[in-house]
Each structure stands twice: as C-alpha cells, then as structure tokens.
Asker: 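First the structure, which I've put down as structure tokens, then a few questions once you've had a look.
Ligands are counted one by one from 1 in listed order, and the atoms in each one are counted from 1 as well. Keep in mind that what you see is a predicted model, and the values were worked out from it rather than measured.
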Amino acid sequence: MNTSTATARALVSALLAAGVRDVVVSPGSRSAPLTYAVAEAAAAGLLDVRVRIDEREAGFLALGIAKGRRAAGTDRPVAVVTTSGSAVANLHPAVLEASYGCLPLLALTADRPARLRATGANQTIDDQSLVLSDVRERFDLTAGPDAAALAADVAATAVRLSMGEGFAGGRPPGPVQLNVQFDVPLVPDAADPDAWWGSKARLEREPVPLDSAFVRTVLPALAGEVAALGGDAFGLSAERLGGLLAEFRVPVLAEPSSPLLRSPHLVTDHTRVLDARGDLVERITDLIVLGKPTLSRQDQRLLSRPGLRVHRVQPDLDQVAGEEWQAALAQALPEVPAGRDAWTAAWLDAARTVQPDQHSAPPATRGGTPHADLDDDPAHLDDPAHLDDPAHLDGSAPLTGEAAAAAVAGAPGTVYIGSSNAVRYLDRVLAPGAPVEVFASRGLAGIDGLVSTAIGFAAGSGRPVRLLLGDVSLLHGIGGLLREAEEPLPPVQIFVLNDDGGAIFAGLEHGRPHLAAHFPRFFATAHGRTFAELARGYGWPYAVCRTTAEVGAAVATGEPGVYEIPIVPVLG
Ligand SMILES: Cc1ncc(C[n+]2csc(CCOP(=O)(O)OP(=O)(O)O)c2C)c(N)n1
C-alpha cells in the first residue's frame, strides 16, 4: 500500500475510533487519499458524508452538523476535508465561528510535501498550517514512511483537543486543524485491502468539573435581589441552571438563542424594560450570566453597572457529574428568600406594561436601537432617514419584521435565527412559553454561511429547521443552497425577510441625515433581487408569504423551500 493511502486510512480509522461520525468533503486531488478513505468508510456505513463544492459552505455545513449533534445531546467533532492552497482559506469563516462559538470542528487540510514549499510549486502555500487563525491547535503531518503511525496518534489527539477539557479551568471545544502532507501516488492501489478500519467507538467524555465560583458565589446569590442574563450558550441546553432559576423564581433576561428563554419567569423584550425601568435595574444586587450576550447595548450597560455583582456561569454545567452537582447544592443552596415573588412580579409586570406601545416599528426605525455586535456608535438617532414606519402605511403594507418573526416562531419546532435584524425582531416577540427552541450563530454573529449552517443543524440534530434571515444574509450565503445531485432536499424552511438591503445600518449612526448621500450604496446595498429564480436555480421550491396567515400556513406544511416575506424596504 502506498504511503499516502496508508496515512489517510490510519487517520480515518483513528477518527472512527475516537467517535467521529460526520465528514464533509470538498473535491480536490491532493486530498484524494483522505477522500477515498472517507468514501470507503461511508460505503461501509461507518460515516455520514456530504460533499460540497465550495469549501466555505462545506465548513459551515460541518459547523451546523456539530451544533445539531450538540443539541441532540451527542457532542462530537465533525471533520471537513479540503485540498491544498486557497481551498484551505475558504474554511476560515467557519473556523472562526467554531472558535468563538465553541464548536468542535476538525479541518483536515491536504498539503504537498514540505520539500515543495517556497519553491513556486502549484497550489502550495509556504506554510499552510498557518492559514487558519483561531484554531485551538494545529498539526502539520509530514509525508513519509512513519506518517501512518503518526497520523493515528495525531488524529486521536486532535479529536480530544477539539472537544476541549470542559469550560471550568480548561479550554472550551473548538476547531483544530490537521494539515496532512501527501506525496504521490494519491490513489489506493487496486490490490489494497478494502476493509481496513478498526472498530468504531463511542466518544466518551469525562464529566466536567464544577467551577468553584459556582458554589462560592452563584448559589448564594440566588438569595439576593438577583436576575439572570442569558446570551447564546453555544447550543448547550443549561437545564440544570434553568431548573435552579425556575425554582428560585429568578427573573430572566434572555436573548432568543439562550437556553434560558424557556424560563417561566422570562422578561419579554427585556431591553425595553431595562431602558424604561431604571428603578428595577438599580435594585439588582447580583446578575447571573450564562453564555455570551451580544445583542444589545442595554445588556452591556447593565453588565457594567457599578456595584453590580456579576457571576458568569460555565455553560456546560449539565456535564458536571451528578454526585458533584448534588454535593454542591447541599453545601451552598440558600432558602428562597421572602419577598422573591414581589421582586419577580415587578419584572414581569414591567414587561407587560412597557412593551405594547413600543411595538409599532421595526428596530431600525426606533430611534436607533443600539446594536452591540456591530462596529457602531451607540448614539440614539432622532430622525432615521431611510425607513418608512409601517405604522403609517395603509392596510396593504408589507409585514413588519416582528410580525413575520412571530409567525415563523408561532408553531412548535426549531428556529435557526440569522444575525442582523432577524434576531432582534425575534427578541421583541418571544414570550414565555414560546413553542420554539432557537439556535443562532452568535460566536461572531456573521451574516455568512447561515443556509449551510441551518442545513447542517437539521442533519446533526435530526430535527426539521426553520431558518429566518435577512435578504443580504441569504444572498451572502446563497451557495449554501447547492447540494449534491442525488441529495434530497433537507428538512429546512428558509424564511427570508426581504427589505432589499441591510436595514440594520439605518438604525446606527449611518442613518443620520448628513450621511444620507453614502447610505444607499455603501450600507443599504439595495440589490433589487427577489428570490424566485435564485431558489429555483438551486433546485429549491419557492413561495411568497405576504401575510402572517401565509407565513403560518407555510410553517404548518413544514415543506422545505425558500419562503420570501417582503417587508418594508430599507430605502423606502
Ligand atoms: C460576514 C459578515 N459580513 C458583513 C457583516 C456586516 N453586516 C452586519 S448586518 C449586515 C446587513 C445584513 O442585511 P440583511 O441580512 O438583509 O438583514 P437586515 O439588516 O435587513 O435585517 C452586514 C453586511 C457581518 N455581520 N458579517
């Protein structure tokens, strides 16, 4: 057997033994040894393999599968195979999101032998193992007779590193690059044995240790005038923390993709309440924070309020061993304090009273709701120049983003929510007991790769998914609609809020009148597209939904497709 085939087979064997079950492959010749090994293991039913032409989409598909696996309770790394050269760099957006979104991704990047580096050889980067920043670890495996033995060790280590060692004191899961140099020949020989894999194993995880700060500060804090703030928690379910907060009737301020959204004491549209009820905000003594809140300046202001005790909770609490958890509760759990019901009721009342009269316009028109995840100036705008207020339009007006989001999230199921205004519309309308679970890519909150991520999420979790995103986001990731010729449509409904551009910028300082000359071309980026032809060109069914009833009907069918929802155009 030639060296490259032996190396690739050893590597794939080790991945199987370490519990990897999903691989996404992009085509290429240098990566062929890996491709053949993966294809053979898939043919034997040991791996699920998908093929994507564009490595950027391949990376996001893998990321989505990893997130879906996590949601289904089987956190495990997903591998993505690319050839050498610029193909590797196309993985970078997904690698970055995986890094900041704490998802286990293995970038298996094929390379030429090191002797060809810096010689001008075709498709050869001087150091390909440095192309992907923000990986948890990178390996550069040289070609040669001992490569196969090394590959097995390195692959097993890469899997462990990508899974992290738990959040408490260790590093969270994330991407790892395994750069593998392959020399010719790159294909198996006809005489090579065709059943070469060892037994496939389960991925066993060590229980995560409980962060001592949780026992020392978080549990006692439950007795104070405490509130909880939930950001995106990387797809982890936080059931233990959610249970404790519910038992202590703690008012919960949560972003849509936070697992705390399911709290019975959720303060709906909480940024409005934070703005309007400084008196309540001042009274909070302790704030328990889960995950990464990124959506609003109001949350950031709250976090930096002088005198507030902020307790950040490790998101993987559910993976702490049961005995350790019980011991911690026995040792430090306080009584539910007298007065707790009045405290929580004050927050829930505020949510009811502050909310209704502020819901007439989409976020970008409301005096520049400050967005924390953009490079923005938090200054409020008095005179947004570029958006019509739908409240002023007649009965034939397009839907508001909020009404559309409420309709998409109105039936039980899983919603994958896009960045930009989509997540903010949803934030405004999700109430306690909303029938959906919500996931998002909030590691870096990019508008890229969302279609592939949602498709991957559906595959990894085994659940049908509704993706809600903006038109620019869909155009950015339109290549995610492309699938293999024989691949069935995934169980994904794509709801695109088409306002012909990036509305979010109108709510930032870019919407100010004195900047109006530059706004349309450089920020709104109106494109004049609708999605019928694009969807059909990629082999997806397509429909327009103009009313909440039409959105609801589309949701009820569950039929995969692109559903376009016209909303008020950015440029009016
Ligand atoms: C990969 C990436 N490129 C650029 C941005 C900056 N950005 C943030 S929102 C946005 C416009 C999004 O428009 P759309 O998806 O239509 O949503 P809307 O703002 O209309 O809600 C852009 C370009 C980003 N977040 N991610």
Asker: Below 4.0 Å, non-hydrogen atoms only: which portion of Pro93 touches ligand 1? Side chain, backbone, both or neither.
Answerer: neither
Asker: Quick one: which of Ala445, Gly449, Ser473 has a heavy atom closest to atom 15 (O) of ligand 1?
Answerer: Ser473
Asker: Under 4.0 Å from any heavy atom of Gly502, which atoms of ligand 1 are there?
Answerer: 11 (C), 13 (O), 19 (O), 20 (O)
Asker: Which of the numbered atoms in ligand 1 are below 4.0 angstrom from a heavy atom of Ile504?
Answerer: 9 (S), 19 (O)
Asker: Hey, is Asp75 close enough to Arg70 for a salt bridge, meaning N to O under 4.0 Å?
Answerer: yes
Asker: Contact between Tyr425 and ligand 1, counting heavy atoms under 4.0 Å?
Answerer: no
Asker: Tell me which part of Asp499 gets within contact of ligand 1: side chain, backbone, both or neither, using heavy atoms under 4.0 Å.
Answerer: side chain
Asker: If you take the centroid of each ring, where Trp contributes its six-membered ring, are Phe531 and Tyr542 closer together than 6.0 Å?
Answerer: no
Asker: Charged N to carboxylate O below 4.0 Å: is that the case for Asp111 and Arg30?
Answerer: no
Asker: Show which atoms of ligand 1 fall inside a sub-4.0 Å distance from at least one heavy-atom site of Ala503.
Answerer: 18 (P), 19 (O), 20 (O)
Asker: Of all the atoms in ligand 1, which lie at a distance below 4.0 Å from a heavy atom belonging to Asp448?
Answerer: 1 (C)
Asker: Would you mind finding which of Gly470, Ser420, Gly418 brings a heavy atom closest to atom 18 (P) of ligand 1?
Answerer: Ser420
Asker: List the steps, then state whether salt bridge (charged side-chain N to carboxylate O under 4.0 Å, His left out) holds for Arg428 with Asp269.
Answerer: CA-CA 5 Å; Arg428 300 260 155 83; Asp269 196 4; 3.6 Å; yes
Asker: Please confirm whether Val472 comes within less than 3.5 Å of ligand 1 when only nitrogen or oxygen atoms on both sides are compared.
Answerer: yes
Asker: For this output row, return yes or no: ring centroids of His510 and Phe519 closer than 6.0 angstrom.
Answerer: no
Asker: So do Trp540 and Pro490 actually touch side chain to side chain, heavy atoms under 4.5 Å?
Answerer: yes
Asker: Taking the side chain as every heavy atom from C-beta outward, state whether Arg424 and Glu402 have any pair of such atoms under 4.5 Å apart.
Answerer: no
Asker: With heavy atoms of Asn421 as the reference, note each atom of ligand 1 found under 4.0 Å away.
Answerer: 21 (O)
Asker: Does ligand 1 have any atom that is closer than 4.0 Å to a heavy atom of Gly501?
Answerer: yes
Asker: Could you check whether Glu97 pairs with Arg442 (Lys NZ or Arg NE/NH1/NH2 to Asp/Glu carboxylate O, under 4.0 Å)?
Answerer: no
